[in-house]
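First the structure, in the form of structure tokens, and then the observations on it.
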Amino acid sequence: MLLCLALAAQALLVSAAVAADSTTVIRSALQNTVDCPSCLGLLTSLKPVAQSGNDALITQLTGLCIQLGAADPDVCAGVVEGAGPVLGQALRQINTTGSTAERLCDALMGVCVSKTPTAFTVKFPKPAPAHPKIFKSRGRAPFRVVHLSDVHIDRQYTPGSEANCTKPICCRDFADSPTVPTLPAGPNGNSHCDSPVPLADSMLAAIERLKPTFSIFTGDVAERAVWLVNQSDVYADLHDFNAEMASKLSAPIFPSIGLRCFPFFCRSLTSSMIGNHDTSPVNLFARTTSNTVNNSQWVFDIQSSDWERWIKGSAASQVDHHSGSYSALVSGTNLRIMAVNTQYWYKQNFWLYDSDVQRPDPNGIISFMVDQLQAAEDAGERMWIIGHIPIGGGDLSNYYNQVLQRYKNTIAGQFFGHTHGDQFQIAYSNYSDQTAHTAVSAALIVGACGNPAFKVYDIDPDTFEVMDSSVFFTNASDAHFQVNPQWSLYYSARETYGPLVGLSPREPLSPAFWHNLTEVFQTNDTEFQTYNARISRGGAVSACDATCKNTTICDLRAFRSENNCDTPTPGLSLRRRTRGDSHGSDACEGTGIAQIFSNMVSVLG
Ligand SMILES: *[C@@H]1O[C@H](CO)[C@@H](O)[C@H](O)[C@H]1NC(C)=O
Ligand SMILES: *[C@@H]1O[C@H](CO)[C@@H](O)[C@H](O)[C@H]1NC(C)=O
Ligand SMILES: *[C@@H]1O[C@H](CO)[C@@H](O)[C@H](O)[C@H]1NC(C)=O
Ligand SMILES: *[C@@H]1O[C@H](CO)[C@@H](O)[C@H](O)[C@H]1NC(C)=O
Ligand SMILES: *[C@@H]1O[C@H](CO)[C@@H](O)[C@H](O)[C@H]1NC(C)=O
Ligand SMILES: *[C@@H]1O[C@H](CO)[C@@H](O)[C@H](O)[C@H]1NC(C)=O
Ligand SMILES: *[C@@H]1O[C@H](CO)[C@@H](O)[C@H](O)[C@H]1NC(C)=O
Ligand SMILES: *[C@@H]1O[C@H](CO)[C@@H](O)[C@H](O)[C@H]1NC(C)=O
Ligand SMILES: *[C@@H]1O[C@H](CO)[C@@H](O)[C@H](O)[C@H]1NC(C)=O
């Protein structure tokens, strides 16, 4: 880290004469960034720097980040080094005042935000059947499924190290750590840190004791020390956690691709030091149309081979050939699970801004979904969709929603992670008329931040609908937590929410149920505040006043980004997210290039 810093400083000196001018220009452009036109102006002033090479861009941005104290020097160096080449490519290839540049400004700064999606009509092989297959419950005993996500295991977590540091995550021996920690990290974790291995192990043991029929895992394995992690670290993280799940859980697991840390800032194997950026960037998930090598194939290769033990051969081969997405039948049932790689829909994947050509279906993920859903409909199967990032906030939510409406009779459940909050999102057949009657699907989101947790679903074996959703958690404030984390039931949605909406005994937790619950939240503030605290299992609860409540309920009802109520604060792209927001909260994410830009703007502003 100190090496990177020294090299960055040296590079600044060597090219000082040339760079001084552009440094002044960029600094003043950053200072002036308050709205959309000024952000486009910033991109325009960065473009000539990018044109003189990624090294120049990285040197400039790293230097400014350090100078302005936007983050610790090692964080500045690592983050800019990782994302710089991708940003550089975008700046060279796009019109910096055009519509792609506006989307880039939205991702970087929370300005130029447009809620109107580019019109695109998804094509379907067949119209919806006039008489769709009815899946009818015979009232048999439900089976149990566990949903876990966002484990963020830090294999370099060091008990006794500083837990209250100035970096995005703590509890590691950093080169600049104090010799005597002010707050020593306990063996089982701390809220400023990612998970130590023993905490993850105790969670897997708790899951095993519940004897689920199978589990779903919606991604994010690696630690958030994104400014340090390189490709070999991530390779090991993925492989180790796959091996741990395989050895500690006896039932199959249906996993999906997460985002740590490939879409962000992982250093490449070949450019682990500042000064060597001319190799193809391997950081974020490039699109098949990107002018680069097939840079995420190594992720799909590992997962394809590691997951084959659970999802079997043909699905494993899909992982390799459909950018990490697959569909697999659950053995002995006619439930099919489709895992979709949501990275190509993620605003912070800066490869999405590398061309002015509109790509409504990057890497063909939407067409893959349509093919799999049509085959499932034809075969009379039911489908669950699992993925990392909930759909409601993304650019492509409009297109995904079209698929959902077409196959609503086939899709019995949707499950996501990423926000680190216990949340849900409802889709409607008519978003101008949001009622129990028009609610067509509900996506369930599992929490990770706050007190550690996973969910247990009771599933009807005929309809594959969710009969109950229970959160299990371990209380990090509990006296035993550092000795032996105890995992227990936090609450059951059926038990606690059922009576509030008058749910009858054999009804599932249907989209109508979730809609009716949002109506209870609207009229009963006590119930709403209880929900707000449950998002994080009572850990680090953020207050939610009337405006926040209005936004939160609006967002629970918004499966399309044009319907959500997020109001970004310019220059604070990552801070605009509140805990109650299920649309891609980055509150618990690591520091990224957008955070660095936002910090630089606020220091100057
Ligand atoms: C860039 O985009 C702006 C805004 O859409 C447009 O006015 C301008 O003509 C474009 N420039 C080029 C070179 O295409
Ligand atoms: C963490 O450090 C900050 C200052 O760096 C201090 O204000 C805060 O009280 C510390 N928190 C704990 C829990 O020690
Ligand atoms: C990746 O980082 C780890 C430390 O996190 C280091 O031990 C390893 O040598 C690095 N690998 C490469 C290829 O840079
Ligand atoms: C990457 O290349 C492999 C063949 O090596 C191909 O099967 C796969 O579809 C490609 N993936 C992407 C995202 O381009
Ligand atoms: C959707 O709801 C609005 C408001 O109730 C109504 O005016 C409109 O006709 C509905 N659209 C459809 C397609 O039913
Ligand atoms: C939802 O509320 C409507 C009335 O607004 C009621 O007809 C329906 O039975 C309720 N459904 C559930 C599942 O709670
Ligand atoms: C809100 O819900 C609580 C708990 O269920 C209940 O005690 C209270 O009476 C409700 N308040 C209103 C205004 O309905
Ligand atoms: C967690 O433990 C603390 C300390 O015992 C307690 O105050 C808090 O209510 C517990 N939280 C939950 C959700 O049970
Ligand atoms: C939010 O506020 C707006 C206007 O203030 C109102 O029309 C809307 O019904 C509110 N939504 C909720 C969910 O309370």
Side-chain angles (χ1 to χ4, degrees), residues 7-8 11-12 14-33 36-68 70 76-109 111-112 263-265 267-268 271 274-284 286-287 289-293 295 347-357 573 592-598 600-601:
L7 286 171
L12 271 174
V14 168
S15 52
V18 190
D21 269 4
S22 31
T23 305
T24 316
V25 172
I26 295 167
R27 201 187 155 109
S28 100
L30 278 167
Q31 189 157 18
N32 292 332
T33 300
C36 186
S38 51
C39 179
L40 299 176
L42 171 65
L43 299 185
T44 305
S45 64
L46 286 170
K47 186 169 182 138
V49 183
Q51 273 162 337
S52 62
N54 289 338
D55 281 0
L57 182 68
I58 288 167
T59 305
Q60 283 287 340
L61 292 178
T62 306
L64 271 170
C65 175
I66 294 171
Q67 219 180 75
L68 297 172
C76 288
V79 169
V80 175
E81 186 199 357
V86 185
L87 190 59
Q89 178 135 322
L91 290 166
R92 286 187 292 274
Q93 292 181 182
I94 63 171
N95 175 349
T96 52
T97 58
S99 61
T100 303
E102 289 182 355
R103 293 198 298 120
L104 178 54
C105 275
D106 175 356
L108 273 180
M109 300 279 191
V111 293
C112 314
F264 278 110
F265 330 106
R267 296 174 174 208
S268 71
S271 80
I274 282 226
N276 179 17
H277 317 290
D278 295 322
T279 47
S280 300
V282 299
N283 318 300
L284 304 94
R287 296 182 289 181
T289 50
S290 298
N291 178 20
T292 186
V293 292
N295 75 348
K347 267 188 190 173
Q348 300 295 321
N349 179 0
F350 289 93
W351 280 111
L352 300 180
Y353 314 110
D354 69 351
S355 164
D356 282 321
V357 179
S573 78
I593 193 76
Q595 184 82 61
I596 298 278
F597 269 90
S598 293
M600 291 195 292
V601 166

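Shown here are the side chain to side chain donor-acceptor pair (under 3.5 Å) partners of S45, two or more places apart in sequence or in another chain: there are none. Residues meeting the side chain to side chain contact (heavy atoms under 4.5 Å, CB included) test with L352, sequence neighbours left out: R287, N349. In this structure Q31 satisfies the side chain to side chain contact (heavy atoms under 4.5 Å, CB included) test together with L604, sequence neighbours excluded. In this structure R92 satisfies the salt bridge (charged side-chain N to carboxylate O under 4.0 Å, His left out) test with no other residue, sequence neighbours excluded. In this structure T44 satisfies the side chain to side chain contact (heavy atoms under 4.5 Å, CB included) test together with T96, T97, sequence neighbours excluded.
Between the side chain of Y353 and the main chain of K347, a donor-acceptor pair closer than 3.5 Å is present. D356 places a side-chain N or O within 3.5 Å of a backbone atom of N95 that can act as its donor or acceptor partner. Here the side chain of T62 pairs no donor or acceptor atom with the backbone of A77 at under 3.5 angstrom.
Results of the side chain to side chain contact (heavy atoms under 4.5 Å, CB included) test with L61 over V49, V80, I66 single out V80 as the only residue that passes.
Of all non-hydrogen atoms in Q348 and A107, the two that sit nearest each other are NE2-O, 3.0 Å. Closest heavy-atom contact between C105 and L43: SG-CD1, 3.8 Å. Nearest approach of L30 to V601, heavy atoms of both residues: O-CG2, 3.8 Å.
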Check against disulfide (SG to SG under 2.5 Å), C112 and C39: CA-CA 8 Å; C112 314; C39 179; 5.3 Å; no
Working for side-chain contact (heavy atoms from CB on, under 4.5 Å), residues F597 and L42: CA-CA 11 Å; F597 269 90; L42 171 65; 4.1 Å; yes
Step-by-step side-chain contact (heavy atoms from CB on, under 4.5 Å) determination, I94 to L104: CA-CA 10 Å; I94 63 171; L104 178 54; 4.3 Å; yes
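Of the inter-residue distances, the one linking C65 atom SG with I593 atom CD1 reads 7.5 Å to the nearest 0.5 angstrom. Atom-to-atom distance recorded for T33:OG1 and L40:CG is 9.5 Å, nearest 0.5 angstrom. The CD atom of Q60 lies 12.0 Å from the CZ atom of R27; values are rounded to the nearest 0.5 Å.
The closest side-chain heavy-atom distance from P85 to I58 is below 4.5 Å. Counting heavy atoms from C-beta outward, L91 and L57 have side chains that approach closer than 4.5 Å. Contact of the F350 side chain with the Q89 side chain is not registered, since no non-hydrogen atoms from C-beta on lie closer than 4.5 Å.
Checked by atom type, the side-chain pair D354/S290 shows a donor-acceptor distance below 3.5 Å.
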